[in-house]
Number of protein chains: 2
Amino acid sequence: MHTQRDSLAAATIGMERMELDQDAAQRRRCTGIAGRHATTAAELAHARLKTLILDNGLPPGSQCLESELALRLGLSRTPIREALVRLQQDGLVAITPRHGMRVLPLIAADMREIYEVLTSLEPMAAELLARRPDPSAGLEPLEAACSAMERAIAAREQLAWARADEAFHLGLAELCGNRRLAGMVMQVWEQSHRARIFTLQQRPLPTRSTTEHRHVLRAIAAGDAERARELYRRHRRRSGGELVSIIERSGVAWL
Amino acid sequence: MHTQRDSLAAATIGMERMELDQDAAQRRRCTGIAGRHATTAAELAHARLKTLILDNGLPPGSQCLESELALRLGLSRTPIREALVRLQQDGLVAITPRHGMRVLPLIAADMREIYEVLTSLEPMAAELLARRPDPSAGLEPLEAACSAMERAIAAREQLAWARADEAFHLGLAELCGNRRLAGMVMQVWEQSHRARIFTLQQRPLPTRSTTEHRHVLRAIAAGDAERARELYRRHRRRSGGELVSIIERSGVAWL
DNA sequence: ATCCTCAACAATGCATACGCAAAGGGATTC
DNA sequence: GAATCCCTTTGCGTATGCATTGTTGAGGAT
């Protein structure tokens, strides 16, 4: 059943495995807002379902009844319901009474919305980082992510690049010190995960993005808040636009 | 115990009723994301609890057990639990096992976070509005809100001004066409509701804010996206900073 | 042939029941 | 008198049952 769904989805949008690798799922489960070790069954259900959805184990558009999911996860309906409520607020599924949950597909308009949100939030994060008393302190994770991106470009390894890109963006959001902002970035980042993995295979190596990241990081370390913000905003506008047009040109109706 | 907590909180921050008026609660219940007519008991519980919290019926810091709330709303624990999960994701309460839910107090740091988020999101909304093909179309709600603010300033009616301010900001977020952005603005707006009402009584009439709103609206109608964004960003930075320092100077530890 | 109506079924939303684990209180000991 | 340990109570997490409600399919009528 699993594999059937997987292969169906893979055929539809033309890819084998959407997830970067197993580690990525693992990492998300640990670093993400949701999966703090999952002490309770409801948390566990939330984390597992989220992982399933992000990794295309439950492809977009698929419908599942509460009882199906309960059976599948070996739980009763109660914790499943709680997990579904949370997934709904995460913007990953819609709950339609009598039809179970539906994994929300992403259309180009969603990606446009998401990139507009990131275009406003992330430059603010960069600005906040740059405005700290010691702006160059604590940037090691971002430095590491930048270097990893550069290495990945040199080695032409797209998956490694995507991992480093994720590390940079989420790291920046978390480091900026604004937990609400970080949560919002994380939320839309997860929503757009499938689309990002998809476009990764449809476009040339993101050389330009890599250098832009490096420049933003330099501006932050130099404490030039205005410059960091503006550089980041332009980066987001450009890359978001590119990504949306890749999706539109690729002809897939949704991801 | 309840009333004891209530009066304690009221005494601490020196006000009887935080809500603007009954209509405001009513309006929020209808326009808000949450309260779409509340067909199900869980939605109803969510809407009623949110209203209670925002209007200080459940003052910040108060703890309630699930069973208390169930008794109070005349429901069983099940829909209450679902409502609490949603309120937690709304950032209004924290759920601490064995101690029930706790209404999250706002400290100055929270307000800073919230204003940083608004400072990034709302200028984007203005920019998006200004970039529409016909930028001056559909701005009537914002025009009305601006006029209402100006009338309120002339009549020195702070509550009316706050209502109009809310109408302007939420209207702008909803009109911009980005539902994710609108949802995020709404979320932090609700989180900061109590603090906004509080500071309203602690500061002079917001004459400057009113004219700034008008200028932003003009820039939008003129289709000058860059100007609209920048004007709005400066407005938010200034007013957010003012609000935070009012709270800090007022000496209240939390709201 | 198509549309409408009615009935049966199925999924959900809610209430309730149960077991576990933690917190608080009381008692005992040092 | 204080601290620690044990017991009791109680709140929560989960499961399950029931009733409501919407959906779907079949049959009849136009």
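Owing to the predicted nature of the structure, the values given are computational and were not obtained by experimental measurement.
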Once hydrogens and angles are ignored, does a donor-acceptor distance under 3.5 Å link the base of dA15(C) to the side chain of Thr78(B)? yes

Arg81(A) side chain N/O closer than 4.0 Å to the phosphate oxygens (OP1, OP2) of dT12(C)? no

Taking the six-membered ring of Trp254(B), is NZ or CZ of Arg194(B) closer than 6.0 Å to its centre and within 45° of its axis? no

The side chain of Ala42(A) is closest to which nucleotide in this list: dG22(D), dT14(D), dC14(C)? dT14(D)

Grab the CD1-C1' distance between Ile80(A) and dC14(C) for me, whole Å please. 18 Å

Between C1' on dA17(C) and CZ on Arg77(B), what's the gap in Å once rounded to a whole number? 10 Å

For Glu43(A) and dC12(D), what is the distance between atoms CD and P respectively, to the nearest whole Å? 15 Å

Take atom CD of Glu66(B) and atom C1' of dA15(C), then tell me their distance rounded to the nearest Å. 14 Å

His46(B) versus Glu82(B), side-chain donor and acceptor atoms under 3.5 Å: no

With a 4.0 Å cut-off on heavy atoms, is Glu82(A) in touch with a base, just the backbone sugar-phosphate, or nothing at all? nothing

Quickly work out the Glu68(B) CD to dC12(D) C1' distance and round it to whole Å. 14 Å

Roughly how many Å is it from NE2 in His99(A) to P in dT12(C), rounded to a whole number? 10 Å

Could you state the atom-to-atom distance from NE2 of His46(B) to C1' of dG13(C) in whole Å? 17 Å

Measure the distance from CG on Leu84(B) to P on dT14(D) and round it to the nearest whole Å. 15 Å

Do the charged groups of Glu113(B) and Arg179(A) touch, with an N to O distance under 4.0 Å? no

So, does Thr40(B) get its side chain near the phosphate of dC14(C), meaning an N or O under 4.0 Å from OP1 or OP2? yes

Inspect the contact between Arg112(A) and Glu116(A) and indicate whether a charged nitrogen and a carboxylate oxygen are less than 4.0 angstrom apart. yes

